[in-house]
There are 2 protein chains.
Amino acid sequence: MSNPLDTVFAALGDPTRRAILTMLLEDDMAVTDVAEPFEMSLAAISKHLGILTRARLITQEKRGRVKWCKLDPDAMRTASVWMQGFGQFEPINLDAFERFLALELEIPPER
Amino acid sequence: MSNPLDTVFAALGDPTRRAILTMLLEDDMAVTDVAEPFEMSLAAISKHLGILTRARLITQEKRGRVKWCKLDPDAMRTASVWMQGFGQFEPINLDAFERFLALELEIPPER
DNA sequence: TGGTTATTCAACCATATGGTTGACGATTAT
DNA sequence: ATAATCGTCAACCATATGGTTGAATAACCA
């Protein structure tokens, strides 16, 4: 499984891991806090976090005795770009997308 | 594995299956022709096609004795939209983005 | 020092996955 | 009618995956 797409898509294929990523969207979290809402052992969550880290979907940094987990969207963007190659659906042109975002920041949507 | 995202991402996690999808981007193909470039048995390819079908990434239609495989981008779009939520950018308003694209088509950027 | 907290490691288990081969049903061609 | 082609099925195999538990390591607290 050397291809980055292999590890990224495989990592995303598990609902627990997708839930973890969603949680990390809110904020960085310690391993124990990530594990809290799940009905499975800490060791199991630790494994999931290892898989997410190897897929480079998150990064982990140990500060003191707690290891902080942080979303790293780069790998996801790579996978996303691969999917966009299937231009059957509306091409999400990245250039256009960035222009769109710039515009959104200039002109807030509530007007 | 009931969640559609489970089956879609799991299906995309295999390089053979991604290669098949890429081939189908060109044109619809019969099972035998899909299998031709791969160094594995027809039965193995048949299984991969079953997985892609269950993930609704392709559809298969039997005409005569040949079964035609056709890309079905809907499921991929669902997964793509899920991933967009993890972009480094702010939460994406897809509707707004589509309106933006429509606008861009009306008023070409080179002016 | 000793105790608690945070996290991983190692061994283990059940099931899933990706591949093989050979037989089979259905369709088409000679 | 017979043979060839298309594709799946069933049984099997090796390895991967997702989970468990208990012990181990490391850092903090009293």
Side-chain angles (χ1 to χ4, degrees), chain A residues 1-24 27-71, chain B residues 1-24 27-72 75:
Chain A
M1 280 237 298
S2 55
N3 188 323
L5 289 176
D6 289 357
T7 52
V8 169
F9 282 128
L12 294 177
D14 184 277
T16 301
R17 290 193 288 263
R18 285 199 311 279
I20 290 174
L21 292 174
T22 302
M23 289 164 60
L24 291 177
D27 207 352
D28 301 355
M29 297 176 80
V31 173
T32 305
D33 295 332
V34 169
E36 199 272 329
F38 295 97
E39 289 180 343
M40 82 181 60
S41 70
L42 187 62
I45 295 294
S46 180
K47 280 190 188 179
H48 281 303
L49 290 172
I51 289 166
L52 289 171
T53 300
R54 259 169 271 125
R56 309 184 133 256
L57 285 162
I58 68 170
T59 57
Q60 289 183 289
E61 183 198 354
K62 195 159 78 179
R63 275 204 300 275
R65 66 180 159 178
V66 10
K67 203 163 182 177
W68 292 92
C69 307
K70 181 190 182 62
L71 211 55
Chain B
M1 282 237 296
S2 54
N3 187 323
L5 288 176
D6 289 358
T7 52
V8 169
F9 283 128
L12 293 178
D14 183 277
T16 301
R17 289 193 289 263
R18 286 200 310 279
I20 290 173
L21 291 174
T22 302
M23 290 164 59
L24 291 178
D27 207 351
D28 301 354
M29 296 177 81
V31 173
T32 305
D33 295 332
V34 169
E36 199 273 328
F38 295 97
E39 288 181 345
M40 82 181 61
S41 70
L42 185 63
I45 295 294
S46 179
K47 279 191 188 179
H48 281 304
L49 291 171
I51 289 166
L52 289 171
T53 301
R54 258 169 270 124
R56 309 184 135 260
L57 286 162
I58 67 171
T59 56
Q60 289 183 288
E61 184 199 352
K62 196 160 78 180
R63 276 204 301 275
R65 68 179 160 180
V66 11
K67 204 165 183 176
W68 292 92
C69 306
K70 181 190 183 65
L71 211 56
D72 178 5

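All figures in this text were calculated on a predicted structure; none of them were measured in a lab. Numbered from 1 within each chain, the chains take letters A, B, ... in sequence-line order.
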N or O in side chain of B/S41 less than 4.0 angstrom from C/dG19 OP1/OP2
no

Quick one: does A/I45's side chain get under 4.5 Å of A/T16's, heavy atoms only?
yes

Are the side chains of B/Q60 and B/L52 in contact, using a 4.5 Å heavy-atom criterion?
no

A/L42 backbone acceptor or donor facing A/S46 side chain under 3.5 Å:
no

So which atom in A/M23 and which in A/D33 form the shortest heavy-atom distance, rounded to 0.1 Å?
CE-O, 4.2 Å

What is the distance from CG of A/L49 to P of C/dC9, rounded to the nearest Å?
12 Å

Does A/V8 reach the side chain of A/R56, with side-chain heavy atoms less than 4.5 Å apart?
no

What one should report as the nearest heavy-atom pair of A/C69 and A/L24 is O-CD2, 3.5 Å

Which one, C/dT8, C/dT20, D/dG7, comes nearest to the side chain of B/T32?
D/dG7

Atom-pair distance (CZ on A/F9; P on C/dG18), nearest Å
15 Å

Using every non-hydrogen atom in the two residues, find where B/F38 and B/A19 come nearest and quote the distance to one decimal.
CZ-CB, 3.8 Å

A/R63 CZ to D/dC28 P, in whole Å, measures 12 Å

D/dA26 P sits how many Å from A/K67 NZ, rounded?
13 Å

Restricting both atoms to N or O, compile the protein contacts to nucleotides 22-25 of chain C shorter than 3.5 Å, with distance only.
none

Within a strict 4.5 Å, meaning less than it, do heavy atoms of the A/L12 and A/L57 side chains meet?
yes

DNA chain D nearest-nucleotide lookup for A/R17 and A/G64: closer to the 5′ end is A/R17

Using whole Å, report how far NE2 of A/H48 lies from P of C/dC9.
16 Å

Below 3.5 Å is the cut-off: list the nitrogen or oxygen pairs between protein and nucleotides 1-5 of chain D, distance only.
{"from": "D/dT5", "atom 1": "O2", "to": "B/R65", "atom 2": "NH1", "distance (Å)": "2.8"}

Give the rounded distance in Å between these two atoms: CZ of B/R54 and C1' of D/dT8.
12 Å

Contact between A/R18 and B/N3 at the side-chain level, heavy atoms closer than 4.5 Å - yes or no?
yes

Does a nitrogen or oxygen in the side chain of A/S46 sit under 4.0 Å from OP1 or OP2 of C/dT7?
no

Interatomic distance, A/D6 CG vs D/dA16 P [rounded to whole Å]:
14 Å

When you match A/I51 and B/V31 each to their closest nucleotide on DNA chain D, which lands nearer the 5' end?
B/V31

Could you state the atom-to-atom distance from CE of A/M40 to C1' of C/dT7 in whole Å?
17 Å

Is B/K47 close enough to C/dG19 that one of its side-chain N or O atoms is under 4.0 Å from OP1 or OP2 there?
no

